[in-house]
There are 2 protein chains.
Amino acid sequence: MVTIKDVARAAGVAPSTVSYVLSGSRKISAETGDAVRAAIAELGYHPNAGARSLRSTRTNVIALSLPLPARGYLPVGGRFMYGISEAARAFGHDLLLITAGDGGSGLERVARSRLADSAVLMGVEMEDPRIDAMHGLGLPVALLGRPADEAAAPWADLDWAAAAALAVRTLHGAGHRRIHYLATVEADIRTRRSYSVRGIDGARRAAAGLGTGVPVHPSSTDPAELARRIDALFDAPEPPTGLAVQHPAAIPGILRHLSGRGVEVPRDVSLIAIGNFPEDLGGLDTTRIELPVTEMSAAVTRLAVAASRPDRDAPDQGAGVLIPPRLTSGGTLAPPA
Amino acid sequence: MVTIKDVARAAGVAPSTVSYVLSGSRKISAETGDAVRAAIAELGYHPNAGARSLRSTRTNVIALSLPLPARGYLPVGGRFMYGISEAARAFGHDLLLITAGDGGSGLERVARSRLADSAVLMGVEMEDPRIDAMHGLGLPVALLGRPADEAAAPWADLDWAAAAALAVRTLHGAGHRRIHYLATVEADIRTRRSYSVRGIDGARRAAAGLGTGVPVHPSSTDPAELARRIDALFDAPEPPTGLAVQHPAAIPGILRHLSGRGVEVPRDVSLIAIGNFPEDLGGLDTTRIELPVTEMSAAVTRLAVAASRPDRDAPDQGAGVLIPPRLTSGGTLAPPA
DNA sequence: CTGAAAGCGCTTACAG
DNA sequence: CTGAAAGCGCTTACAG
């Protein structure tokens with residue numbers, strides 16, 4: 001191992017001087033600084049992370065707490081892990097993955113053993129017990145998802161209400177007057193998941209603002225059950241001509257089933273999807289509002305880093321970052337026949 | 001912060017005794033041990049990770065090196081991250097996520113700053129430059145994927161050759177004599193990715209063993225292009241009656257296109273899929289050989305932990321773990337008409 | 001502008 | 001069976 005002593009000897013200075021060159025917290029003469037930097041480069045020196053964190057009580061590590069196991073593995077999880085890891089690096093931090101396999105005690109262990117400076121909580125519910133628990137242990141957190149109590153901790157999320165509203169208004173603007181909202185799967189509605197509740201609410205408000213209404217239906221993970229619901233919609237006397245769908249993974253099944261009924265998209269019905277698109281749906285040219293994974297990752301990581309700084313005028317405490325929805329054009333939107 | 005001194009004071013012993021109780025490396029009387037454990041529990045003591053790793057040169061952290069960015073984000077990545085994180089916890093380790101965003105230098109930084117005891121390399125190629133680089137830096141690695149040089153480092157992988165062979169033999173055993181192999185996407189074949197090459201090879205050898213042959217076709221991420229290839233197959237004078245597909249994400253598109261041509265599965269053609277199933281294909285009842293993500297994660301994590309132990313009779317060096325394929329029954333296999 | 005020294009919280013030979 | 005002491009590699013007041 002190359003240590004700070006080796007660098008100091010090579011540069012002909014004291015170890016403390018090397019440390020000051022590294023931290024930049026002291027004025028250093030140009031020649032001393034150059035000699036130190038040259039020695040660091042030549043020896044391939046990197047500060048020992050353990051020693052540094054022991055002495056400075058900063059680890060430059062962010063803990064990423066994965067959703068509770070009850071929620072199951074989420075397809076979108078991998079992209080957030082990747083995005084947050086990249087963002088953490090950009091802030092000079094590393095990312096430690098914490099699964100809730102041991103009942104949430106993973107985060108407590110991280111806090112007590114000082115493995116991280118802050119934590120990002122994924123899959124945040126309207127009420128999330130992890131927030132208070134970590135406050136009690138002195139581990140600052142940032143939330144991926146918008147909780148009921150927006151002041152409990154800094155958070156970042158897509159503005160789901162605005163996204164649903166944008167979908168409804170876009171369909172309305174194209175001339176549609178029979179617009180339906182196919183919401184998230186019913187389990188998410190029943191447990192009042194943040195993005196589910198806010199999406200439905202946004203759609204209804206947008207419709208009300210347009211002087212109309214929008215019937216809301218839950219989606220389903222079971223393709224057969226989803227097909228029955230689609231049938232019920234299109235067997236009605238006045239079938240929808242515009243459909244906003246907050247369940248992108250269901251889009252292939254919906255398209256296939258409609259096509260089987262002789263309903264063509266967008267000739268007979270227009271479609272706007274909202275949310276996370278599985279990677280293997282790349283071939284589908286759907287008009288959509290995509291989950292801005294990279295942007296959300298960058299935002300929540302920035303909040304986590306800010307929360308772990310002692311002072312910095314502490315402007316971000318409890319701040320929320322609401323990311324506006326963006327519509328991507330596709331081949332599933334057209335005026336009604 | 002609760003330190004070892006606080007525990008020692010509460011238990012009425014020396015700090016070193018607390019340490020010995022924790023490590024178990026010294027005989028301790030029952031009453032002393034109980035007193036120390038009671039104090040630890042009461043105070044909620046966890047050893048400071050930085051201090052521990054500084055002193056013991058062990059971090060109990062495994063670095064997970066994500067695939068090179070050239071490979072793009074892989075849908076299967078999230079499940080491996082989750083699986084390896086869970087496995088690491090079971091071995092008393094944490095998992096640090098390293099993206100190759102900065103050109104592989106992330107791993108070097110981890111090695112030089114002693115942030116981890118070992119690394120798991122994901123998305124290993126037949127030749128992977130990371131292996132030699134980490135050997136040079138003294139960071140032991142374990143590979144998720146089977147490299148060309150199997151002795152270069154311990155590795156774990158599904159036996160892709162056996163999986164392809166099992167698919168071909170199963171179709172043959174059901175009576176099929178016109179079996180085709182739809183391999184991975186051509187980019188993977190062209191770059192000679194391990195699982196791609198081994199799958200094709202396994203299918204060909206199995207067919208040869210049965211005294212027959214198996215035409216091999218590359219798959220495509222472009223649904224339209226894939227449809228053209230399917231058409232070419234089924235427009236031929238002797239269309240396949242059995243299809244082994246090493247590209248599960250393409251299955252919905254294949255089924256839809258075949259159905260559009262009036263080809264029914266399994267009436268007219270049987271299908272066996274091999275590989276990772278996107279989470280949202282749950283509704284499809286496909287006969288298949290699934291990527292054993294949990295098993296592979298546990299195996300590679302065990303290898304990484306073993307590689308970081310100084311001695312332990314060093315039995316695992318360069319050992320490979322080849323996981324046998326398992327066939328899952330589904331509704332896409334039947335005897336030929 | 002730079003250095004000598006103390007100390008972060010542990011582990012582990014050394015000693016009894 | 002247990003304790004006192006050294007030291008891992010840093011950072012940062014203290015001193016000049």
Side-chain angles (χ1 to χ4, degrees), chain A residues 1-37 39-40 43-61 92 109-117 138 310, chain B residues 1-37 39-40 43-61 92 109-117 138 310:
Chain A
M1 273 322 293
V2 180
T3 74
I4 202 171
K5 281 182 162 177
D6 300 318
V7 175
R9 199 178 309 120
V13 299
S16 56
T17 298
V18 177
S19 178
Y20 284 118
V21 169
L22 245 27
S23 71
S25 65
R26 181 192 257 190
K27 277 251 177 297
I28 300 282
S29 73
E31 45 206 327
T32 301
D34 289 346
V36 168
R37 278 182 289 271
I40 287 173
L43 299 175
Y45 169 72
H46 279 251
N48 180 296
R52 183 170 254 190
S53 80
L54 171 59
R55 183 57 231 233
S56 66
T57 66
R58 283 197 58 82
T59 61
N60 288 333
V61 168
R109 187 175 49 80
V110 165
R112 290 199 192 274
S113 57
R114 291 283 170 227
L115 267 164
D117 299 330
Chain B
M1 274 318 297
V2 180
T3 74
I4 202 170
K5 280 181 161 178
D6 301 318
V7 175
R9 200 176 310 118
V13 300
S16 56
T17 299
V18 176
S19 178
Y20 284 118
V21 168
L22 245 28
S23 71
S25 66
R26 182 192 254 190
K27 276 252 178 296
I28 301 282
S29 73
E31 46 208 326
T32 300
D34 289 345
V36 167
R37 276 182 291 270
I40 288 174
L43 299 175
Y45 169 73
H46 279 250
N48 179 295
R52 184 171 253 190
S53 80
L54 171 58
R55 182 57 231 230
S56 67
T57 66
R58 283 196 60 80
T59 61
N60 288 331
V61 169
R109 188 176 48 81
V110 166
R112 290 200 192 273
S113 57
R114 291 285 170 224
L115 268 164
D117 299 330

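Chain naming here is simple, since letters A, B, ... match the order of the sequence lines and numbering starts at 1 in each. Just so it is clear, the structure is predicted and the values come from calculations on it, not from any experiment.
Phosphate proximity of C/dT2 to A/R26: absent, as no side-chain N or O sits under 4.0 Å from OP1 or OP2. Within the structure, a side-chain polar atom (N or O) of A/T32 is placed less than 4.0 Å from OP1 or OP2 of C/dT2.
Atom NE2 in A/H46 sits roughly 16 Å away from atom C1' in D/dC10 (whole-Å rounding). When rounded to the nearest whole Å, the span between CZ of B/R112 and P of D/dC10 equals 13 Å. One atom, NZ of A/K5, and another, P of D/dC10, lie 10 Å apart when rounded to the nearest Å. Nucleotide C/dT12 holds its C1' atom 12 Å from the CD1 atom of B/I4, rounded to whole Å. Rounded to an integer number of Å, the gap from CG of B/N48 to C1' of D/dC8 is 13 Å. Going from atom OH of A/Y45 over to atom P of D/dG9 covers 10 Å, rounded to whole Å.
Note on A/S19: a base of the nucleic acid sits closer than 4.0 angstrom, heavy atoms only. Across all strands shown, A/S53 has no heavy atoms under 4.0 Å from either base or sugar-phosphate atoms.
A donor and an acceptor atom never sit less than 3.5 Å apart when one is taken from the side chain of A/R55 and the other from the base of D/dG9. At a cut-off of 3.5 angstrom, counting only N and O atoms as typed in the model, there is a donor on one side and an acceptor on the other between the side-chain of B/Y20 and the base of C/dA13.
Comparing C/dT11, C/dC10, D/dT11 by their closest approach to the side chain of B/A51 singles out C/dC10. The listed nucleotides are C/dC1, D/dC10, C/dC10; the one nearest the side chain of A/K27 is C/dC1.
With a 3.5 Å limit on both pairing distances and Watson-Crick or G-U wobble geometry required, the stems of 3 or more pairs in DNA chain D span C:1-3 with D:14-16, C:5-12 with D:5-12, C:14-16 with D:1-3.
A heavy atom closer than 4.0 Å to some atom of DNA chain C occurs in A/V13, A/A14, A/S16, A/T17, these being the qualifying members of residues 9-17 of chain A.
Side-chain contact between B/Y20 and B/I28: present, with at least one pair of heavy atoms (C-beta onward) separated by less than 4.5 Å.
Of the two residues near DNA chain D, A/S23 and B/T57, the one whose nearest nucleotide lies more 5' is B/T57.
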